[in-house]
Every structure is written in C-alpha cells, then in structure tokens.
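Every heavy atom of this structure was used, including side-chain atoms; hydrogens, water molecules and symmetry mates were not. Order of appearance sets the numbers: ligands from 1, and atoms from 1 within every ligand.
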Amino acid sequence: MNRENSRRLFDKAKRLIPGGVNSPVRSFLSVHDEPFYVDRAKGAYLYDVDGNRYIDYVASFGAIILGHGEEGLIEEIKKALEAGTSYGACHPYEIELAELIVEAFPSIELLRLTNSGTEATMSAIRLARGYTGKKRIIKFRGAYHGHADFLLTSGGSGMATLSQPESKGVLEEHVRETIVADFNDIDSVLRVIKDDRDVACVILEPVMGNMGVILPKSGFLKDLESLCKEKGILLIFDEVITGFRVAFGGAQTIYGIDPDITCLGKIIGGGFPVGAFGGKREIMENISPLGNVYQAGTLSGNPIAVRAGIYVLKYLKEKKEVYRDLERKVRIISEEVKKIAQKYKIPYTVNGLCGMFSGFFVDGEVNDYESAKKSDRSLYEKFFKLMLKQGIFFAPSPFEASFLTVSHGEKEIDSTIEAYDRVFKELAG
Ligand SMILES: *Cc1c(COP(=O)(O)O)cnc(C)c1O
C-alpha cells in the first residue's frame, strides 16, 4: 500500500501544526505509525490522497452514523448554506433540534446547544456546582469527558490520595475537587462519598466508550442513581457517544435511568461541531440569561450544524430499524471474530452494544479500567497496521471504540471478517 502523498503531507503538517494534527489521536503515534490523509469519504469508506480505500470503523469517532456523505444530508446542508452560515441571532431550526432531543430523552426538559462535547461537559459541571452550591465532582478512572481542566485527571485512589493532573498546565487545584472512583464498583463510589456533603455531581458515560466499550454491570447504574438521589448529588450522564448511537434516547433509555443532566455531542451535529447539555427544568433554569450560571457561544446553534443535526435525528426517528440493524451487524462481527480468535488461539474479548464495539487483546472479561488496561498494546499495534494494509481502518489507539454506520453493508462486514481471519492468522504466527 503506497502512502507517499500522505507521508509528504504529514511532513509538511508537522512543520505547521503541533504533531501535525488538530487532535492527538489522529497522529497514529500510539500505534507507532503515520496517518493517512483523507481525500474524501463516502458511505462506509474513506479514500486517501494516494488512492487507497478503507472501510471506516472510526466514523469520526462515532459522530457519523448514517455513513459518509449521505445524499439527503448533503442536500439539506446545501439548502442551509444558501441561507447563510452564521447569524449570531435566533433562528427556527434551533427550536426544532431542541424539540427532537427533548422528545428522544425523557430526562431532558430544557437544553442548551454548544459547539463540542467538551463544552457540554464543562458547562454541565459548572451548572451542577452552581445549582447545588457544592464543590466536588466524581468521575471514573480512565473515563474521558473532553479536555476541561477539572476533568483531566484519572489518578488518586479514593480520598486518601489526591487526584493528579493528567496534563501539564492543569493545576493541582483544578483537579483537587475531582474525586476518582471505579466504574462498575458502587462500593468505590460509596467509599469516596462517605459523609462528604460537598459533592455536587457524578459524571459518567453510562456505557464507557473511551477505554474501549465497557458495559455497566447489572444494577450498577440503578445503584448509582439511587445513591445520588439519597445524597442530593446530581447524576450527569455523558452520552456524547452513546446518545442516538445505542438507542434513540441513548443508554439511559436502555437501562431505564433518569439522570439530572445529560451531555450530548458527536451524532447530533451530523458531522458538524455540535454539543448539547440538558436536563431537569428546575436545574437548567439556572443557566444564563435565566439564572446566574454563565454559559455562551458565538457559534452555538450554528444554522448549518443544527440543520445537519435535525436531518440525522429525523432519519433515526423515522427509521427505528436502524438500531436493530446496527445491533445485528455488531453481533455478527463480534461472534465471527470470537470464533476466529479461538481458531488461532489469540486471547481476545469483544464488548459491544448496538452501533459500537471494541476488541481487547486480553483473556477474560473486560468491565473496568484495570481489565481494559491489560489489553496487549503491542498486539493491538500489529493488528491495527495489518488491518490498515487490508484496507480496514480501526481507531489508531487500543482504547477507542469502533463504530458502525447505516452504510456498512453485508459486503463490508464480510470483507472485515475475512480480513480479521487473515490478520489473526498472521498475529498467531
Ligand atoms: C468525544 C467525547 C467528548 C468530547 O467531545 P468533543 O466534541 O471532542 O469536545 C466528551 N465525552 C465523551 C464521552 C466523548 O466521547
């Protein structure tokens, strides 16, 4: 596979952009490779500047669900463009998008649009602190919620050790009030809460998507919900990935949970930069201009992005079979790949839910950060490179989920499974 043009572009990019990329994972650094440059994308495929074609399981890290360049969506965007690109004033489409989201998520009564998932989680936490008048926040080890200072921590076990910043430039005081507990371990949450009356909120992905896909154990989310209610702690669901991916009303619909605030992003912008946070009216009414929790954005509610989002959400609402179809495709891949792994005696565990899945090179179950971390990174690196050579693009990091779209058809699924067989055979040596 020739990647000469990509190599040249990457060399130039590195002279102009830190690491050559506008988001670190795109550098392929964690798999010790160099990125390809996309020329165009259509359906389930990415085409690079050297004329190579890849079946895409990154799907803009989950933002794409219909497939690339879906025709109706492109038409809608063209129409939207004719009406101007940004107003800094109200327009009817923001109401329509809000209405679609409120209808899909029973827990959301009021919502505010942002430009990214990071803005959504950052604002949701400001709101939780503003509403409760409390300081501390609880997150789960290994979880990613965007790059706001106070969320860039993973370390510290419980109250005994303070959280440590995960990034230079994040002050210890920024993460001092962030407490880290363990996903799927309600006792770890109880331990960090104890008699602490200063916890404003718990933030989590109900189905983890940022250390690979990790499903909540039976009862974990319910227990967390009850605990939060009992202690007056707000429950924030970060459904930036799972919202509209695992079900029309997100993971909270599947598990029957009623979070206080929900964060959305990715899919709701149809491939444009959009995020949202919303929840109970009583809480959301504290956002400015109604209340004193400040939150704003010059391009928030951008008409192009919003109309793209509306198109995608309407599509998903009208064609509910999309979710059954995504689920079926993920099940087929998971089952076939498990068989292939067994055949070549490669330790491999697949977790998945509806339109998302991930494989870990590990023996046994993966249901928390510790078990996910055991996944063999060098094996993933080989797997990634070999798959790419076969024209299949998985995330350039062992801890990112893989995503399917409506446009992944039988042909693409079959090719993927065949590629798995060849690659696992080679990995087995
Ligand atoms: C992607 C992501 C974010 C951040 O969204 P951006 O649009 O990249 O800022 C937040 N939370 C979760 C769970 C995500 O996957």
Lys/Arg-Asp/Glu bridge criterion (N-O < 4.0 Å) met for [X], [Y]:
X	Y	value
Glu103	Lys317	yes
Asp258	Lys280	yes
Arg3	Glu34	no

Please report, to 0.1 Å, the donor-acceptor pairs under 3.5 Å made by any side chain of residues 246-255, with sequence neighbours excluded.
{"residue": "Gln252", "atom": "OE1", "partner": "Ser107", "partner atom": "OG", "Å": "2.6"}
{"residue": "Gln252", "atom": "NE2", "partner": "Glu239", "partner atom": "OE2", "Å": "2.9"}
{"residue": "Gln252", "atom": "NE2", "partner": "Thr262", "partner atom": "OG1", "Å": "3.0"}
{"residue": "Thr253", "atom": "OG1", "partner": "Gly249", "partner atom": "O", "Å": "2.6"}
{"residue": "Thr253", "atom": "OG1", "partner": "Gly250", "partner atom": "O", "Å": "3.3"}

When the side chains of residues 202-210 are checked against the rest of the protein, which donor-acceptor pairs come out under 3.5 Å, sequence neighbours left out?
{"residue": "Glu205", "atom": "OE1", "partner": "Gly209", "partner atom": "N", "Å": "3.0"}
{"residue": "Glu205", "atom": "OE1", "partner": "Asn210", "partner atom": "ND2", "Å": "3.2"}
{"residue": "Glu205", "atom": "OE2", "partner": "Gly209", "partner atom": "N", "Å": "3.3"}

Q: Using heavy atoms and a cut-off under 4.0 Å, could you grab the residues that are in contact with ligand 1, chain by chain, numbers ascending?
A: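 Residues within 4.0 Å of ligand 1: Ser116, Gly117, Thr118, Tyr144, His145, Gly146, Glu205, Asn210, Asp238, Val240, Ile241, Lys266.
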Only counting residues at least two apart or in another chain, list the ones meeting side-chain hydrogen bond (donor to acceptor under 3.5 Å, both in side chains) with Tyr45.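 Listed in chain order: Glu412.
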